[in-house]
Amino acid sequence: MSSHSCSEDPETYSEDLCMVNKVNKLLGTRYPILSAPMGGVAGGELAAAVSNSGGAGLVGVSYGNEKFIASELPIAARSRGAWGAGLVTFTFDKAPHLLDSVLSHRPPLVALSFGNAAQTNKYVAAIQRENLLAAVQVHDTDQAREAAAAGADVIIAQGSEAGGHHKDRATFPLIPAVADALNGQIPLVAAGGIADGRGLAAALALGADGVMIGTRFAAAAEALTSPSFTDSLINGHSRDLLDTRAFDIIRSIPWPSQYTARTLGNDFSRKWFGHEDELADNAATLVDAWSQSVSDDDVTQRPLFAGENIDLITSVQPAAQIIESMIAQACSVLDALGTTEFRDALPAH
């Protein structure tokens, strides 16, 4: 495990609030809140806004793009706080130079996701050789133990309520299971379906040391989310969501079969829902027209990745306001749970 910390200044810790824990101390953040590295959504401006507001903002490097890396990581690096970059691990085996490009910008935290054990070992070691922190996203206890064995500095346990790609374990039972598996040895961040202070308080109660937030920050004022996508998020509901592999198939991205992607349903995803094999057979003839639709930001065709917390997202807000509201609500909830009135409402034991 790396001994590096994103900040050596103890004054950045939030001892006056209810949020001092392993995540804060390791990252040097005021609050144990990370913004998820959402591809096409989490650019440098969002990461910097989250970092400047006391959290840790991650740029969504995703599958890797030289131009995006070169333009967005320097923006995040100019923030006043902890920041990082998030990678879809399995794609970097075919383009190892992209990892070198990311590391050249010295992100204090590099988050790996959707890799196998060998890839996790390989890339955690590469990150830590640069004296940077390595976070690894996991989806079950076996993956958590593998990440711990690889020397991960932070483990992110993502439940199936998450937007975009996810596995099959729900957040509520997953977090305490991973917490037990880690036995307090490595900071644990909860992800999947968390959008407000109630979710943050619940995650802490379940054994997490912090949270990673995706869909709520996709509707932040600083996100790269297009106006049409933002409107879809604000007006969408959980009943509109579906899990699909259609967008991976049309883009020819070889996602491991255990991961599907949660999106707001639209004409494209509904048409091919349950007909993925047929889409694969016809993808070569469909991809050009579909790609043009995506370039045109056609929300009837493009991916609209969102989590099951979408009902809680009703407006666009600056990242600072999202974090402020989340912390205030979490502290209120945690304070209420410690009151005599709450304890008296529980059965005697």
> Answer yes or no: does atom CD of E222 have more than 12 heavy-atom neighbours from other residues, nucleotides or ligands under 6.0 Å?
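Check passes, neighbour count above 12.
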> Ignoring hydrogens and angles, tell me if any N or O in the side chain of D311 forms a donor-acceptor pair with the backbone of H237 under 3.5 Å.
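Flag not set: sc D311 to bb H237 has no pair under 3.5 Å.
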> Between the side chains of T120 and E146, is a donor N or O closer than 3.5 angstrom to an acceptor N or O?
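No, no side-chain donor-acceptor pair sits under 3.5 Å.
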> Checking R270 side chain against G265 main chain: does a donor-acceptor pair fall under 3.5 Å?
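Between the backbone of G265 and the side chain of R270 there is a qualifying donor-acceptor contact (under 3.5 Å).
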> Between the main-chain N or O of L312 and the side-chain N or O of D196, is there a donor-acceptor pair closer than 3.5 Å?
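No.
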> Mind checking whether Y259 and H166 have side chains closer than 4.5 Å, heavy atoms only?
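The answer is no; the side chains never approach within 4.5 Å.
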> Tell me, yes or no, whether the heavy-atom count around E324 atom CD, taken from other residues, nucleotides or ligands under 6.0 Å, exceeds 12.
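Not more than 12 within 6.0 Å, no.
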> Taking T141 for the side chain and A177 for the main chain, is one N or O donor matched with an acceptor at less than 3.5 Å?
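Not a single qualifying donor-acceptor pair exists.
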> Spell out, yes or no, whether I156 and F90 are grouped together once hydrophobic residues are joined by side-chain heavy atoms under 4.5 Å, including indirect joins.
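Per the 4.5 Å side-chain linkage, I156 and F90 are not co-clustered.
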> Quick one: closest heavy-atom pair of A220 and I322, and the distance?
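The answer is CB-CD1, 3.9 Å.
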> Hey, are the side chains of P108 and L133 touching, using non-hydrogen atoms and a 4.5 Å cut-off?
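P108 vs L133: side chains apart.
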> Hydrophobic cluster membership, with links at side-chain heavy-atom distances under 4.5 Å among I/L/V/M/F/W/Y: are I127 and I69 in one?
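Yes, I127 connects to I69 through the hydrophobic network.
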> How about N52 and W83: do any of their side-chain heavy atoms sit closer than 4.5 Å?
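No. Closest side-chain heavy atoms not under 4.5 Å.
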> Could you pull out the closest heavy-atom pair between L233 and A218, with the gap in Å?
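Shortest heavy-atom separation between L233 and A218 comes out as CD1-CB, 3.8 Å.
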> When you measure from the side chain of S51 to the backbone of A48, do you find a donor-acceptor pair of N or O atoms at a distance under 3.5 Å?
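Such a contact is absent between S51 side chain and A48 backbone.
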> Spell out, yes or no, whether I250 and F229 are grouped together once hydrophobic residues are joined by side-chain heavy atoms under 4.5 Å, including indirect joins.
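Different clusters: I250 never reaches F229 through Ile, Leu, Val, Met, Phe, Trp or Tyr contacts under 4.5 Å.
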> With the side chain counted from C-beta on, respond yes when Y63 and F92 share a heavy-atom pair under 4.5 Å apart, and no when they do not.
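They are not in contact (no side-chain heavy atoms under 4.5 Å apart), so the answer is no.
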> For a quick test of reading the model, state the closest non-hydrogen atom pair linking T29 to G54 and the distance between them.
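The answer is CB-O, 3.4 Å.
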> Quick check: do M326 and I213 have side-chain heavy atoms less than 4.5 Å from each other?
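Of all side-chain heavy-atom pairs linking I213 with M326, at least one is under 4.5 Å.
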> Test side chain to side chain contact (heavy atoms under 4.5 Å, CB included) on L109 and L34; report intermediate values, then the result.
CA-CA 11 Å; L109 178 66; L34 288 71; 3.9 Å; yes
> Counting only N and O atoms by type, is there a donor-acceptor contact under 3.5 Å from the side chain of N121 to the main-chain atoms of A117?
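Yes; at least one donor-acceptor contact below 3.5 Å.
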> Could you walk me through whether V136 and V124 pass side chain to side chain contact (heavy atoms under 4.5 Å, CB included), step by step?
CA-CA 8 Å; V136 178; V124 165; 3.7 Å; yes
> Would you please test F268 and F247 for ring-ring contact (aromatic ring centres under 6.0 Å, His included) and show each step?
CA-CA 9 Å; F268 180 84; F247 295 111; 5.3 Å; yes
> Ion pair present between D140 and K167, side-chain N to carboxylate O less than 4.0 angstrom?
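Here D140 pairs with K167 in a salt bridge, since their nearest N and O are under 4.0 Å apart.
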> Are D142 and R145 close enough for a salt bridge, meaning some N to O gap below 4.0 Å?
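Salt bridge flag = yes for R145 with D142.
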> Donor-acceptor pair, distance only, cut-off 3.5 Å: does the side chain of N21 make one with the backbone of D209?
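Side chain of N21 to backbone of D209, a donor-acceptor pair under 3.5 Å: yes, one is there.
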> Taking the side chain from N183 and the backbone from Q185, do they hold a donor-acceptor pair closer than 3.5 Å?
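It does not hold such a pair.
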> Hey, is R262 close enough to D243 for a salt bridge, meaning N to O under 4.0 Å?
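Result for this pair is yes, salt bridge flagged.
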> Does the pair D296 and Q292 meet the rule for a side chain to side chain donor-acceptor pair (under 3.5 Å), with working shown?
CA-CA 6 Å; D296 295 338; Q292 184 59 53; 3.0 Å; yes
> Less than 4.5 Å apart, any side-chain heavy atom of D93 and any of Q119?
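With C-beta onward as the side chain, the pair touches.
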> So, do F68 and V59 sit near enough that their side-chain heavy atoms are less than 4.5 Å apart?
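The answer is yes; the side chains approach within 4.5 Å.
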> Grouping I, L, V, M, F, W and Y whenever their side-chain heavy atoms are under 4.5 Å apart, do L334 and V211 come out in a common cluster?
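Yes; tracing contacts between hydrophobic side chains, which count when under 4.5 Å, links both residues.
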> Would you find more than 12 non-hydrogen atoms of other residues, nucleotides or ligands less than 6.0 Å from R245 atom CZ?
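No.
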> Hydrophobic cluster membership, with links at side-chain heavy-atom distances under 4.5 Å among I/L/V/M/F/W/Y: are L224 and L87 in one?
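Looking at the clustering, L87 is in the same group as L224.
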> I would like to know whether E161 and F172 meet side chain to side chain contact (heavy atoms under 4.5 Å, CB included); could you show each step before the answer?
CA-CA 10 Å; E161 296 91 335; F172 237 60; 5.5 Å; no
> Short question: side chain of N266, backbone of V299 - any donor-acceptor pair under 3.5 Å?
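Yes, the answer is positive, given that a donor and an acceptor are paired below the 3.5 Å cut-off.
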> So for atom CZ, which belongs to R80, do other residues, nucleotides or ligands contribute more than 12 heavy atoms lying within a distance under 6.0 Å?
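No, CZ of R80 has 12 or fewer neighbouring heavy atoms, counting only those of other groups under 6.0 Å.
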> Decide yes or no for L241 and E308: does some side-chain heavy atom of the first lie under 4.5 Å from some side-chain heavy atom of the second?
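The answer is yes, as the side chains (C-beta and beyond) meet within the 4.5 Å cut-off.
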> Test side chain to side chain contact (heavy atoms under 4.5 Å, CB included) on V110 and L103; report intermediate values, then the result.
CA-CA 8 Å; V110 181; L103 297 182; 4.0 Å; yes
> Is E130 reaching over with its side chain to a backbone N or O of Q128, donor-acceptor style, under 3.5 angstrom?
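Judged by distance alone, no pair lies under 3.5 Å.
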